[in-house]
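Right, one structure below, let's go through it.
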Amino acid sequence: MATAGPIDLRARFSPDEAALTADAAGPSQSRRRRILTFAAFAIAVLVLWEAVKWLGGVPWRFENVLGTGLAIDHNPPFRWALANDLNLPHWFSILGALAAPVQRNAELSLGQFLAGAAFYTWREAAIGFLVGALLGLVLATIFVHSRLLERAFVPYVVASQTIPIVALAPMIVYAFGPNVTSVVIIATYLTFFPVTIAMIRGLRAPDPRALELMRSYAAGRWAIYQKVRLPASLPYLFTALKIAATASIVGAIIGEGPGGIPDGLGRAIINFNQQYISGPEKLWAAILVSSLLGISFFVVIRVAELVVLRGRPGAAEG
Amino acid sequence: MDPRSPEPLASTSKAGEVVHIAGVDKTFVTGGATLTTALQGIDLDIRRGEFISLIGPSGCGKSTLLRVIGDLVAPTRGSVTVNGKPASRARRDRDYGMVFQAPVLFDWRSVEDNVKLPLELMGYDGARRTARANEMLDLVELGEFLRHHPYQLSGGMQQRVAIARALAFEPSILLMDEPFGALDEMTRERMNQEVLRIWERTGITIVFVTHSIPEAVFLSSRVVVMSARPGRITDLIEIDLPRPRDVETREQRRYFELVTAVREALRRGGADTGVVEPDSEVGLASIDRTIAEGGIG
Amino acid sequence: MTSAAAASPGRVTGASQSGGRWMQRFWYYLPAVIVFAGTIGAWELIVRNIDLRGFPLPAPSDIVGALGENWAAGRWPLSKAAGATLFEAVGGLAIGTSLGVIVAFLTARFATARELLLPLAIGASAVPIIAFAPLMNNWFGVLSPLSKMMIVAVLVFFPVVVNVTRGLTQVEPAALELMRSYAASEWTILRVLRLPNALPYFFTALKIGTTLSLIGAIVGEYFGGSNDVLGRVIVQSASALRFDVTWAAIILAAITGIALYLAIVATERAVIPWHASLRSQEP
């Protein structure tokens with residue numbers, strides 16, 4: 001069972017205790033199983049996709065299939081608007097489009113172009129992500145140590161989670177101009193809010209008895225923070241970082257798109273959307289690359305989590 | 001058959017017998033290919049109206065035995081007969097009331113509705129449900145707390161609601177799995193008194209799992225002593241303390257003698273090896289997980 | 001299930017002295033109110049006295065003014081736009097939640113489905129689903145509210161599946177044993193135990209869903225839509241340099257989000273009051 005909730009990832013203090021309870025054999029086995037089920041699912045989706053096209057798409061003809069000289073004709077029994085080549089291109093045409101030139105007579109292939117755009121977007125998101133995470137960490141630390149400041153500011157941080165703060169993205173672009181700074185700011189605040197909330201919880205997560213134990217050693221605030229609060233908060237931090245990883249990519253795409261920054265994925269989505277009639281595969285490819293970018297960033301954080309929290313109970317889940 | 005597991009001491013007449021356990025083994029598969037023998041060669045007869053306690057060190061399979069009687073765990077070998085029929089039949093006939101260590105009350109139901117739960121499932125009509133629930137809550141002296149919700153009650157009170165719920169549909173056997181293990185000593189003694197009073201008033205057969213020697217001696221008519229790895233019955237001790245039992249029972253000479261007898265029986269069974277057992281019921285925990293993750297199906 | 005909630009003496013004493021509790025609340029929230037008033041005041045003063053040329057930050061009073069002027073009239077009738085966006089958000093929330101609950105039941109019922117779908121549903125949180133908005137616009141019509149509802153539905157769907165599946169499957173093992181000792185059927189266990197157990201999880205998903213639904217609707221509109229929706233008003237008024245209207249629309253979006261969220265919280269309190277004790281422990 002994948003229980004990703006912070007409650008289940010509550011940190012232990014003794015690494016020995018954690019090592020005793022960690023299951024040595026289970027995770028790698030279940031991970032392999034997960035990868036297999038995922039592969040099976042991906043294949044099922046691709047087959048289903050073509051099945052829909054085969055049943056309700058438009059007639060197609062392939063010349064010289066795999067160099068055999070054979071031609072394949074197919075006339076689907078139904079005609080569904082949703083399954084025509086404009087609304088649902090063959091998935092292999094989408095993959096094929098990645099290899100084709102991005103524009104007529106262009107040297108760059110669509111795949112190369114989108115990879116460049118993805119890197120551009122990721123760089124913006126990653127900078128904002130780092131700044132936002134650090135800011136959230138610092139502010140949470142302050143709030144945990146000052147009840148007054150907590151009461152004054154935290155209600156707004158919490159409320160930010162119930163409103164569509166991403167709606168601010170175009171305003172940020174107007175304020176700071178259509179450049180990297182704007183997108184970094186968007187990614188920063190989208191990361192900062194969840195990290196602050198999670199870290200306030202996380203820094204408060206230690207067992208009160210652990211804090212009493214530290215006080216019995218006459219440990220100061222800094223020692224308690226460093227030895228107890230910070231380690232206990234790490235599972236919460238990573239839960240928030242995983243949310244923020246996707247949120248920062250989303251923020252970057254929205255900042256670039258409607259905000260009008262030319263080099264990233266957001267603009268690519270807008271442009272290819274305008275060229276949809278002439279080449280729907282390009283939009284699909286741009287969305288595919290955006291999804292891959294989001295998943296990759298998530299996976300990077302997840303791997304960091306596995307490394308940092310290794311040996312802790314529940315670390316291999318979620 | 002294990003030579004150390006004794007024949008049932010008191011051979012009972014078939015008519016007075018509620019539970020008949022013959023040659024029960026239970027092995028669990030834990031963590032891949034490892035087999036854990038939770039129970040081995042269990043023979044036991046429980047008489048009608050008896051208060052019988054299962055006592056033993058952690059991991060001796062006493063909770064598993066209780067679940068085998070209640071048909072919550074199927075034995076690997078052997079048979080369990082309850083009221084003259086197989087345990088699975090008895091469960092479907094609703095012969096069992098269960099009380100666990102945790103009260104397992106449903107947060108979303110009031111105290112009264114929690115007691116009514118089994119009655120709803122068993123098709124009692126509305127008026128009888130209310131009457132039975134009131135009667136049972138009066139029996140456990142919680143009549144005033146009908147409308148409360150579980151979270152508003154103390155741990156001891158919650159456990160009394162669980163007992164009322166278990167008795168509500170008049171099962172013939174009450175299975176109690178360390179019901180007072182999570183309570184403090186004072187509450188526990190009060191609950192012991194309470195459960196004896198209920199037992200005397202209802203005449204129900206009780207099978208009671210505990211790891212407390214004084215509790216087993218104070219409550220029981222017989223104490224079944226079990227040993228660990230593999231779990232088996234090493235002794236059956238008749239508790240001949242006079243009834244009704246009360247605070248003074250705990251001060252009688254005979255009480256201390258019996259406490260000592262049980263303690264020595266446990267020691268003979270290898271209970272105090274000084275080894276701290278891992279989680280008491282490894283196999284059981286994995287079974288629980290299987291149930292929990294088994295989905296609705 | 002209940003043991004964690006059993007010891008909450010605060011609830012008992014709190015109820016007996018509700019008069020003092022209001023004063024306590026007042027003092028508790030005073031710093032937050034001061035921060036709010038101070039921020040608005042400073043913002044107003046700065047914008048009035050310093051020339052922020054080119055910086056799209058009108059004074060709060062101008063924003064409130066724009067909200068009033070454009071409430072029902074003008075090029076950007078804000079109330080109409082907010083209503084249209086709310087319609088898209090709630091419609092999509094309903095579609096996504098319904099589908100999510102159905103899939104959660106199937107996922108919870110069949111172990112194989114759960115092994116396959118649950119990790120994928122969890123993994124879906126890593127996908128910037130909002131990037132699919134242009135596709136939905138192409139499929140369901142860029143001007144049709146349905147295209148925004150569908151993107152909202154996809155956004156909401158995954159958290160609902162994950163949470164409701166957890167709620168249906170993560171019941172106390174002893175509670176299952178209890179039900180089995182009653183010889184209860186799977187259907188009875190579903191009705192009596194799993195469904196009530198899943199309700200708090202369902203409301204958690206709905207609360208996540210409200211925020212996602214507004215994000216989905218507004219951002220879907222950024223990628224194109226009819227003129228009278230909040231997302232279009234934000235984009236168009238900003239490109240017309242009418243930032244007072246833009247901010248008014250953003251604030252209206254925020255208020256709509258909070259209102260939707262509070263509506264869910266109120267429903268939750270009414271439907272699962274027994275869960276309140278557990279919830280009050282959260283910050």
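Just so we're on the same page: letters track the sequence lines, and every chain starts at 1. As the structure is a prediction and not an experimental result, all values here were calculated from the model.
With a 6.0 Å radius and a threshold of 12 heavy atoms from other residues, nucleotides or ligands, Phe87(C) has its CZ atom at or below the threshold.
The CD1 atom of Ile243(A) lies 8.0 Å from the CD1 atom of Ile208(C); values are rounded to the nearest 0.5 Å. The structure places CG of Leu135(C) at 5.5 Å from OH of Tyr276(A), a figure rounded to the nearest 0.5 Å. Distance CD1/Ile251(C) to CD1/Ile163(A): 9.5 Å, rounded to 0.5 Å. A distance of 9.5 Å separates OH of Tyr261(C) from CD of Gln161(A), quoted to the nearest 0.5 Å. Thr162(A) OG1 to Ile264(C) CD1: the interatomic distance, rounded to the nearest 0.5 Å, is 12.0 Å. Expressed to the nearest 0.5 Å, how far CD1 of Ile270(A) lies from OH of Tyr222(C) amounts to 12.0 Å.
A donor-acceptor contact closer than 3.5 angstrom links the side chains of Asn273(A) and Asn138(C).
Contact annotation for Ile250(C): only side-chain heavy atoms (C-beta onward) come within less than 4.5 Å of a heavy atom of chain A. Within the 4.5 angstrom heavy-atom criterion, atoms from both the backbone and the side chain of Ile258(C) approach chain A. Interface residue Ile215(C): backbone and side-chain heavy atoms are both found under 4.5 Å from chain A. The contact between Thr246(C) and chain A is made entirely by side chain atoms (from C-beta outward), counting heavy-atom distances below 4.5 Å. Both the backbone and the side chain of Phe132(C) come within less than 4.5 Å of a heavy atom in chain A. At a 4.5 Å heavy-atom cutoff, the contact between Ala167(A) and chain C is made by backbone and side-chain atoms alike. No part of Phe297(A) comes within reach of chain C, as not one of its non-hydrogen atoms sits under 4.5 angstrom from that chain. For Ile249(A), the part lying under 4.5 angstrom from a heavy atom of chain C is the side chain only. Contact of Ile295(A) with chain C is made through backbone and side chain together, with heavy-atom distances under 4.5 Å. With a threshold of 4.5 angstrom between heavy atoms, Val33(C) approaches chain A through N, CA, C or O but not through any side-chain atom.
At least one donor-acceptor pair closer than 3.5 Å links the side chain of Thr246(A) to the backbone N or O of Ser125(C).
Of the listed residues Leu120(C), Thr256(C), Leu57(C), the one with more heavy-atom pairs under 4.5 angstrom with chain A than any other is Leu120(C). Your options are Gly257(C), Ala217(C), Ser239(C), and the one with the most heavy-atom pairs under 4.5 Å with chain A is Ser239(C). Top candidate by heavy-atom pairs under 4.5 Å with chain C, chosen from Phe272(A), Phe153(A), Phe176(A), Phe41(A), is Phe41(A).
Inter-residue side-chain proximity for Val127(C) and Phe298(A) is flagged as unmet; no heavy-atom pair is nearer than 4.5 Å. Here the side chains of Arg151(A) and Tyr29(C) are not in contact, with every heavy-atom distance at 4.5 Å or above.
Looking at every heavy atom in both residues, Pro164(A) comes nearest to Ala253(C) through CD-O, 3.8 Å.
The aromatic rings of Tyr156(A) and Phe36(C) lie parallel to each other, with less than 30° between the two planes, well short of the 60° mark.
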